[in-house]
Amino acid sequence: MNSLRRIAAVATVEWARLLRTRIALTLLLVVPLLQIVLFGTAIRPDTAVAVAIAAPTASDAETVAKELRKQRNIMIVGTGKPGTAEALVKRGGAVIGIEVPEARSFANPLAKGGPLRIVVDESNAALASAATARIEAAYWRTLAERGDLAGPGLTTTRLYNPDSRADWSFLPGLIGVTVMIAMIMLGSLSLAREREGGTWEALLILPVGRAEVLLGKLLPYAAIGSVQGLAVMAVGLWLFDLPVRGTALALAAILPLFAAAHLVLGYAIAARARTQLAALQGAVAFYLPAMLLSGFLYPFATLPGWAQTIGNLFPLTHFIRAATGVMLRGEGWAEVLVQALSIAVFTAIAAVIATLFQARSLD
């Protein structure tokens with residue numbers, strides 16, 4: 001009985017301490033709630049896929065569009081003359097393009113003419129495959145209803161990833177995820193450790209500006225992060241035959257910036273946190289939403305509007321677009337620099353926040 005009382009007393013004290021510890025409550029309550037909200041948002045089986053239609057006449061295009069609107073999760077984003085649907089897919093404005101040949105459409109499948117052509121952006125196979133299958137099934141069902149199964153049929157052109165390999169869709173983003181997690185952990189935990197040991201304050205009293213200290217500590221880690229990203233890329237090329245159709249130098253050039261963005265963010269988290277545990281919690285609270293809302297685990301287009309708005313704030317989102325563009329879509333410097341600009345803006349804001357938090361912690 002005395003033993004039970006002692007156990008109960010210790011449990012009571014521990015419970016009281018737990019209730020007063022904000023970090024523990026956050027780990028136990030806030031993080032699980034955040035996970036269920038983000039996973040539930042990211043995994044959306046009913047998501048409209050953008051489809052463009054090109055046909056010889058506007059009435060043919062509208063007839064095909066009318067048939068496709070009957071299908072689940074098909075969103076018509078444009079109609080036009082022959083060639084415009086494929087062009088829109090190549091520009092990234094649609095996931096699937098339907099090119100209707102002369103004298104053949106959903107409305108007139110018995111007419112003579114070439115096969116219906118479906119052009120699919122397979123750089124994200126998970127997003128395109130199901131919608132393509134639904135469109136093909138709808139077309140064959142129409143032919144069956146009209147009694148023309150022996151007709152020219154259809155052809156499917158799969159751009160960027162002709163074999164619909166899921167690993168090709170996944171690996172470009174993995175480069176960014178690997179660098180992101182490593183850099184944010186290094187940035188937050190190394191600075192938190194120095195603050196706990198007192199060496200950070202000792203460094204700041206030297207005749208060196210805070211920005212200079214931050215930049216000096218950042219450069220070696222940014223170099224390590226760049227090498228890490230290049231190593232992951234090399235393994236993808238070697239083991240998985242991942243292509244590089246664009247300017248690989250452009251992607252390599254933004255790796256230091258991408259690594260620096262997360263290092264600076266890690267410094268900002270550590271400057272705000274009081275302990276290494278708090279810094280670790282802050283790092284996890286950042287990179288978990290980044291992975292879910294960037295298009296890494298699930299297609300970015302499947303996210304609702306508000307989640308896409310948040311996702312566009314993360315550097316990982318822009319790096320994945322740049323990496324996918326270079327490796328699969330054959331993009332060059334211009335497209336990569338557009339994404340690099342967003343990463344640079346994030347880095348600048350994080351640097352200002354880190355500097356302010358450091359100054360406040362010393363006051």
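Here the structure is a predicted model, which means the values were calculated and not measured.
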- Would R117 and V119 count as a side chain to side chain contact (heavy atoms under 4.5 Å, CB included) if you check the C-alpha gap in whole Å, the side-chain angles of each, and the deciding distance to 0.1 Å? CA-CA 6 Å; R117 193 160 69 94; V119 182; 3.6 Å; yes
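- The side-chain heavy atoms of V95 and V51, taken from C-beta on, include no pair separated by under 4.5 Å.
- A222 approaches L263 most closely through the heavy-atom pair N-CD1, 3.4 Å.
- Contacts of S164 classified as side chain to side chain donor-acceptor pair (under 3.5 Å), with partners at least two apart in sequence or in another chain: E122.
- No donor-acceptor pair closer than 3.5 Å links the side chain of T79 to the backbone N or O of A61.
- Criterion: ILVMFWY side-chain heavy atoms under 4.5 Å apart, direct or through other members. Under it, L313 and V264 are not part of a common hydrophobic cluster.
- Inter-residue side-chain proximity for I118 and I135 is flagged as met; some heavy-atom pair is nearer than 4.5 Å.
- At a threshold of 4.5 Å between side-chain heavy atoms, the hydrophobic network of Ile, Leu, Val, Met, Phe, Trp and Tyr places W140 and I96 in one connected group.
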- Pair N312-R321, side chain to side chain donor-acceptor pair (under 3.5 Å): steps then yes or no: CA-CA 11 Å; N312 280 320; R321 290 173 184 164; 2.7 Å; yes
- Between R329 and D121, is a salt bridge (Lys or Arg N to Asp or Glu O under 4.0 Å) present by the stated rule, with each step listed? CA-CA 9 Å; R329 299 175 65 88; D121 179 355; 2.6 Å; yes
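- The salt bridge (Lys or Arg N to Asp or Glu O under 4.0 Å) search around E136 returns none, not counting sequence neighbours.
- Side-chain atoms of I74 and R69, non-hydrogen and from C-beta on, never get closer than 4.5 Å to each other.
- A 4.5 Å side-chain heavy-atom check between R91 and V89 finds every atom pair outside the cut-off.
- Counting all heavy atoms, side chain and backbone alike, S123 lies closest to N161 at N-CB, 4.5 Å.
- Here the closest non-hydrogen pair linking A322 and I254 is CB-CD1, 3.9 Å.
- Grouping the Ile, Leu, Val, Met, Phe, Trp and Tyr side chains by contacts below 4.5 angstrom, directly or via other members, places I310 with V284.
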- Decide yes or no on salt bridge (Lys or Arg N to Asp or Glu O under 4.0 Å) for R165 and D163, but give the supporting numbers first. CA-CA 5 Å; R165 292 183 55 166; D163 296 326; 5.8 Å; no
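- E99 places no side-chain N or O within 3.5 Å of a backbone atom of I53 that could act as its donor or acceptor partner.
- In this structure, T156 and R158 have side chains that are in contact, with non-hydrogen atoms separated by less than 4.5 Å.
- Taking both residues in full, the closest heavy atoms of I320 and G173 are given as CG1-CA, 3.7 Å, listed atom of the first, atom of the second, then distance.
- Residue pairs satisfying the side-chain hydrogen bond (donor to acceptor under 3.5 Å, both in side chains) criterion with at least one member in residues 48-57, sequence neighbours excluded, are listed as follows: T57-S59, T57-D60.
- Taking the side chain as every heavy atom from C-beta outward, P315 and M180 never approach each other to under 4.5 Å.
- Residues L68 and I76 meet the side-chain proximity criterion, which asks for heavy atoms closer than 4.5 Å.
- For S188 (side chain) and Y267 (main-chain N/O), no donor-acceptor pair under 3.5 Å exists by modelled atom type.
- In terms of hydrophobic clustering, with Ile, Leu, Val, Met, Phe, Trp and Tyr side chains grouped at heavy-atom distances under 4.5 Å, I353 and V345 are assigned to a common cluster.
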Under 3.5 Å, which donor-acceptor pairs link side chains of residues 228-251 to any protein atom two or more places apart or in another chain?
unit_1, atom_1, unit_2, atom_2, d
R245, NH1, Y160, O, 2.5
R245, NH1, L328, O, 2.8
R245, NH2, Y160, O, 3.2

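- For residues 310-338, the pairs satisfying ring pair (Phe, Tyr, Trp, His ring centres under 6.0 Å) are F258-F319, F286-F314, with sequence neighbours left out.
- The shortest non-hydrogen separation linking P172 to M327 is CG-SD, 3.9 Å.
- Looking only at side-chain heavy atoms (C-beta outward), T317 and F296 stay at 4.5 Å or farther from each other.
- Nearest approach of A261 to T347, heavy atoms of both residues: CB-OG1, 3.1 Å.
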- Can you list the steps and then say if L265 with F346 is a side chain to side chain contact (heavy atoms under 4.5 Å, CB included)? CA-CA 9 Å; L265 177 66; F346 178 93; 4.1 Å; yes
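- Remark: K90 pairs with E86 by the salt bridge (Lys or Arg N to Asp or Glu O under 4.0 Å) rule, at least two apart or across chains.
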